[in-house]
Peer 1: 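Can you read through this structure? Questions will come right after.
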Protein chains: 4
Amino acid sequence: MTMRSESDAALTRTQRARRRDIIDAAIAVLSQAGFAAASVDRIAREAATSKGTVLYHFGSKEGVLEEVVRSLYEEGGAYMTERILAASGARERLRVYLDSNLRFIASRPEHITAVHRILENQPTDAEDDTVGPLRQLLVAGQDAGELGPFDAEVVALMIRAIMDGASFYFSTHPDLDLDRHIAEVIRIFDRATAVA
Amino acid sequence: MTMRSESDAALTRTQRARRRDIIDAAIAVLSQAGFAAASVDRIAREAATSKGTVLYHFGSKEGVLEEVVRSLYEEGGAYMTERILAASGARERLRVYLDSNLRFIASRPEHITAVHRILENQPTDAEDDTVGPLRQLLVAGQDAGELGPFDAEVVALMIRAIMDGASFYFSTHPDLDLDRHIAEVIRIFDRATAVA
Amino acid sequence: MTMRSESDAALTRTQRARRRDIIDAAIAVLSQAGFAAASVDRIAREAATSKGTVLYHFGSKEGVLEEVVRSLYEEGGAYMTERILAASGARERLRVYLDSNLRFIASRPEHITAVHRILENQPTDAEDDTVGPLRQLLVAGQDAGELGPFDAEVVALMIRAIMDGASFYFSTHPDLDLDRHIAEVIRIFDRATAVA
Amino acid sequence: MTMRSESDAALTRTQRARRRDIIDAAIAVLSQAGFAAASVDRIAREAATSKGTVLYHFGSKEGVLEEVVRSLYEEGGAYMTERILAASGARERLRVYLDSNLRFIASRPEHITAVHRILENQPTDAEDDTVGPLRQLLVAGQDAGELGPFDAEVVALMIRAIMDGASFYFSTHPDLDLDRHIAEVIRIFDRATAVA
DNA sequence: GATGAATGAGTCTTCATTCAT
DNA sequence: TATGAATGAAGACTCATTCAT
C-alpha cells in the first residue's frame, strides 16, 4: 500500500479522471450495447484500460453500476432542485419541474438510458420515491387553490411515466425540436390541472 | 390412441398444456426476479420440470422468450382491436383506446412486465410502431374537427409512455381502484385534446 | 410383445428394410456431415423416422455404428475373397487383391468413408489384422520364388495405406478414370515386387 | 520487472510456456484418447490447469485445435523444405522428400495423429494442396527425362497415402527399424519411377 | 412396432473475482 | 497503481437413453 495524503491532489486528480473515464465507458456500453453486453471486460476495453484496473478502482462490478446510478441522481438533483425551489407558486413549480426534467433528460440521454437498464435489471425496485415529491407538489397546489380537483396520484404517475419514456424517445430522435416538445407537454398539464 | 377425459389432466398433459406451463413459469420468473435471473434452469424449476424439457419444447431460450412476447401481442390484439374499431368518432375511439389498453394491462400485469423486460434486453427496439396507429387516430380526429390543435406526435408519445408505465404501477399496487384510475386518465386526455 | 414366427416373412422383410434404411441413413450422414454431426436424431431424420425407432431397432447408437462397420466387412469379404482365392499364383493374387479392393472401394465410397470415421473415433484400434493376410500373401510369393526380395511388411503397409487413402480420393473425384488408376497401381507394385 | 533465471521456470511460467503445455496436452489427449474424448476440460486436466485457463489463452476450443494443426505445419515446413530444396535433381529430390517426410513423422507421431484426428473431424477438407507440390516434383522429373512415364497423379496420391498411413503405424510400433523402413520405401519408388 | 416426451450427463463458453507482480 | 493470469461458478445447449402409450 502506498501512502497517499488527502492533499496529494495530483494523484487524486488522476484517480478521479480514471474513475470518470470508466464510468463514461460504462454508460456508453450500457446505452449502446445493452445490459447483457456490459461486462467488466467490455467496459474496461471501452475505457482503454484493463479489467483488473476497473475492479481496482470500484471494487466490484456492482460498484461501477452503483456509481453510474449515483452520479446521475447527483447531477439531476443539482440541475433541477434549485430551479424548482426558485419557482414561486405550485403552477409555476410544476412547469419548472417538467421543463428542467425534460431538459436534463435531453442533455444526457445515454446516461439516463444506462441507468434505466441498470435499474431494470436489479431486484430492488423502490422507485416510488420519485413520485412522492411530485405528488406533494400537486397536492400543495390543490390545497392552495392554484390547481384543480384532479387525482394527484394519477397525474404524478403520468408525469413520471412521461419522463421515463422521454429518455428513450430523445435518444432515438436526435433531431427533435426540444423546445416545442417541452412546451406541448407543459401546455397539456396546464390544461389537465387547471382549476376551471 | 385411447380417449382421454378432461379430468385426466394430471397424468396426461398434452403438449400445449406443457408449453403453457413453461410460458407461465417464464412470465412469473421474469416479472418477479428480473431478466438476469430468468435462466432456463430457473424457468424449468418454476414449471416443475427440467431444463431439457424446456429446450425440448422451445428449441432454445430465445424460443421461450419469443413465445412470451408473441402470446401477449396476440392476446392484446384480440382484446383491444375489436373494441376500438367498434367505437365511432375519434374522441370516443381515444377513450376506448385508453380504457381497453389499461384494462388489458391491469388484467395481466406480470405478463406485461415480463415482455417489457425481454424487450429492454434485446438489441432490436422498433417499438415506434406502437405509436404510429395512435398518432393516426389523433390526426384523423383533428382533421375531422373533433379534436383540438395539439401536437399529435407528443400526445401519442405521452399516452404510450403512460401505458408502459402503468403495468409497473399496476403490478406493484394490486389494491388499486382501476375504474377511478382509468376515468382520471381519460378525463385528462379529454381535456388535453379538447377543441376549445 | 407380439408373436412373430420365423416364417412371418412379410414382417421380417419390413423390419429388415427398416434396418437397412437406418443404416443407409447413418452412412449418408457420417460421410456427408462427419462423425460429430451423426447424432441418433440426425440419422433418424435422414431415415424419415424417429429417434425412438432407431433405438428400438438397434438398441443403442453404438449398435447402429457397429452394424455400419459389420455390413461393410461382410460385403467386402463377399466381394473380394472369392476373386482372390480364384487367382492362381502369388503375383496374380496380388493383382486381384489390388483390383478387387480398389473396385470395391470405388463402388461404395460413402460406406467406406463412414466406416473410416467410425473407426477413427473409437478407442479400440486393432486394424493390424487387415495387414496380416496381405503380408502372408506376399511372403508366400517370395517363398515360391514368384516375388522378389522386398520387405513384405513394408510393402503390405504401403498397400493398406493406399487402399485407405483411395476411398477419400475416390469420393472427392467422382469423374476419375478408375480402370487407368487401378492399372497404374498394379503396374507399380508389379515392378516393386519383381524378382529381377 | 525482475530478471529471472532459467531455473526459475517452475514458478514463473511465461505465457508461451503455458500455451505450449496446453498444446502438448491437447496432442496427448487427441492421439491417445481420440477426438471425441478431447474436451476442453480433459485437455485442461492433462495440462494440470483449469478449463478457464485454456480458454483464457486460446479463446475457444477451436483456437486450441487450430494451434495444434498450425504448429505441426510450421515445424514440418521448417524440417522438410530446406532439405528438399537442397537436393539436386528430381530423383534425389523425391528420395529426400520421402526420407525427410518419414523422419519427421517418426519424430512426432502423436502430433501427427492428433492433427489427423482434427482434420478428419472438420467439415472443410482441402488437403489436395499437399498433393500438388509432389505431383509437380514428379512431372518436372519426367520432363527432364530423369523419371519414367508413370501417372504422376496416381504416384503422388500413393505417396501421400503412405505418408498419412505411416504416422499411425509408427505410433503403434515404437520398436520399428526406421532406417530400414525408409530405405525400403525409397527403393520401391525408385523402381516405380525408373526410366527403363 | 413405433414414437413423442422427458431427462440428466456432459460440452463449450462467459464472466466476475482473486492474486502475484 | 495497474494488469496479466488464473479460476470456479453459472449458463445455454446437445444428445443418448428411458419410458409410457
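The sequence lines fix the lettering, A, B, ..., with proteins before strands; numbering per chain opens at 1. Predicted, not measured: the structure shown is a model, and the values here were computed from it.
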Peer 1: CZ of C:Phe35 versus C1' of F:dT14: gap in Å, rounded?
Peer 2: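 Atom-to-atom, C:Phe35 to F:dT14, this comes out as 15 Å.
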Peer 1: Look at the side-chain N and O atoms of A:His57 and state whether any lies under 4.0 Å from the OP1 or OP2 oxygen of F:dA2.
Peer 2: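 For A:His57, the contact criterion (side-chain N or O under 4.0 Å from OP1 or OP2 of F:dA2) is met.
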Peer 1: Nearest whole Å is fine: how far is F:dT1 P from A:Arg16 CZ?
Peer 2: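 It is 13 Å, rounded to the nearest whole Å.
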Peer 1: Do the side-chain N or O atoms of C:Thr49 get closer than 4.0 angstrom to the phosphate oxygens (OP1, OP2) of E:dT3?
Peer 2: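 Checking C:Thr49 against E:dT3: at least one side-chain N or O falls below 4.0 Å of OP1 or OP2.
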Peer 1: Please name the nucleotide paired to F:dG11 by Watson-Crick or G-U wobble geometry with both distances under 3.5 Å, or report none.
Peer 2: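 Partner of F:dG11: E:dC12.
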Peer 1: Under a 3.5 Å cut-off for both distances, is E:dA2 Watson-Crick or wobble paired, and to whom?
Peer 2: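 Across all strands, the one nucleotide that pairs with E:dA2 is F:dT21.
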Peer 1: Between D:Arg18 and F:dA5, is there a contact of a side-chain N or O with OP1 or OP2 at under 4.0 Å?
Peer 2: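 Result: no.
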Peer 1: If we ignore hydrogens and angles and just use 3.5 Å, is the side chain of C:His116 paired with the main-chain N or O of C:Ser31 as donor and acceptor?
Peer 2: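 No; zero donor-acceptor contacts below 3.5 Å.
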Peer 1: When you measure from the side chain of D:Val40, which nucleotide among F:dA6, E:dC12, E:dA6 comes out closest?
Peer 2: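 Shortest atom-to-atom distance from the side chain points to E:dC12.
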Peer 1: Across the strands shown, which category fits D:Ser39 at heavy-atom distances under 4.0 angstrom: base, sugar-phosphate, nothing?
Peer 2: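 Touches sugar-phosphate only.
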Peer 1: Could you walk me through whether B:Leu65 and B:Leu30 pass the side-chain contact (heavy atoms from CB on, under 4.5 Å) check?
Peer 2: CA-CA 10 Å; B:Leu65 300 186; B:Leu30 280 161; 4.1 Å; yes
Peer 1: Between atom CZ in D:Phe58 and atom C1' in E:dC12, what is the gap in whole Å?
Peer 2: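 Distance check: D:Phe58 CZ to E:dC12 C1' gives 16 Å.
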Peer 1: Closest nucleotide of DNA chain F for A:Gly52 versus for C:Ala37: which of these residues is on the 5' side?
Peer 2: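 Checking each residue's closest nucleotide, the 5'-ward one belongs to A:Gly52.
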Peer 1: Looking at B:Ser50, does any N or O in its side chain come under 4.0 Å of the phosphate oxygens OP1/OP2 on E:dT7?
Peer 2: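 B:Ser50 to E:dT7 OP1/OP2: side-chain N or O found under 4.0 Å.
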Peer 1: What is the distance, to the nearest angstrom, from the NZ atom on A:Lys51 to the P atom on F:dG4?
Peer 2: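 Taking atom P of F:dG4 as the reference, NZ of A:Lys51 is at 11 Å.
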Peer 1: So B:Ser167 and B:Glu110, do their side chains get closer than 4.5 Å, heavy atoms only?
Peer 2: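 No - every pair of side-chain heavy atoms lies 4.5 Å or more apart.
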Peer 1: Taking only side-chain nitrogens and oxygens of D:Arg42, does any of them come within less than 4.0 Å of OP1 or OP2 of E:dG10?
Peer 2: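 Negative; the distance criterion is not met.
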Peer 1: Using the six-membered ring of D:Phe35, assess whether NZ or CZ of D:Lys61 lies under 6.0 Å from its centre and within 45 degrees of the ring axis.
Peer 2: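 Cation-pi check for D:Lys61 and D:Phe35: passes.
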Peer 1: State whether C:Glu74 and C:Arg70 are salt-bridged, where the test is any N-O pair (Lys NZ or Arg NE/NH1/NH2 against Asp/Glu carboxylate O) under 4.0 Å.
Peer 2: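 C:Arg70 and C:Glu74: salt-bridged.
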Peer 1: Would you indicate which nucleotide in F:dA6, E:dA2, E:dT17 comes nearest to any side-chain atom of A:Lys61?
Peer 2: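 Among the listed nucleotides, the one closest to the side chain of A:Lys61 is E:dT17.
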Peer 1: Let me know the distance between CG of D:Leu55 and C1' of E:dT13, rounded to the nearest Å.
Peer 2: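 Rounded to the whole Å, the gap is 7 Å.
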Peer 1: CD1 of A:Ile22 versus C1' of F:dT1: gap in Å, rounded?
Peer 2: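 So the two atoms are 12 Å apart, to the nearest Å.
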Peer 1: Both B:Ala38 and C:Asp41 contact DNA chain F. Taking the nearest nucleotide for each, which residue is further toward the 5' end?
Peer 2: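 On the 5' side of the pair lies B:Ala38.
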Peer 1: A:Thr53 and A:Arg18: side-chain contact (heavy atoms from CB on, under 4.5 Å), yes or no, with the steps?
Peer 2: CA-CA 9 Å; A:Thr53 303; A:Arg18 182 52 64 108; 4.1 Å; yes
Peer 1: I need the CD-P distance between C:Glu62 and F:dC15, as an integer number of Å.
Peer 2: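 Those two atoms, CD and P, are 18 Å apart.
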Peer 1: Nearest-Å distance, OH (D:Tyr56) to C1' (E:dA16)?
Peer 2: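 Atom OH in D:Tyr56 sits about 15 Å away from atom C1' in E:dA16.
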Peer 1: Counting only side-chain N and O atoms of B:Thr53, is one of them less than 4.0 Å from OP1 or OP2 of E:dT7?
Peer 2: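 Answer is yes, contact under 4.0 Å.
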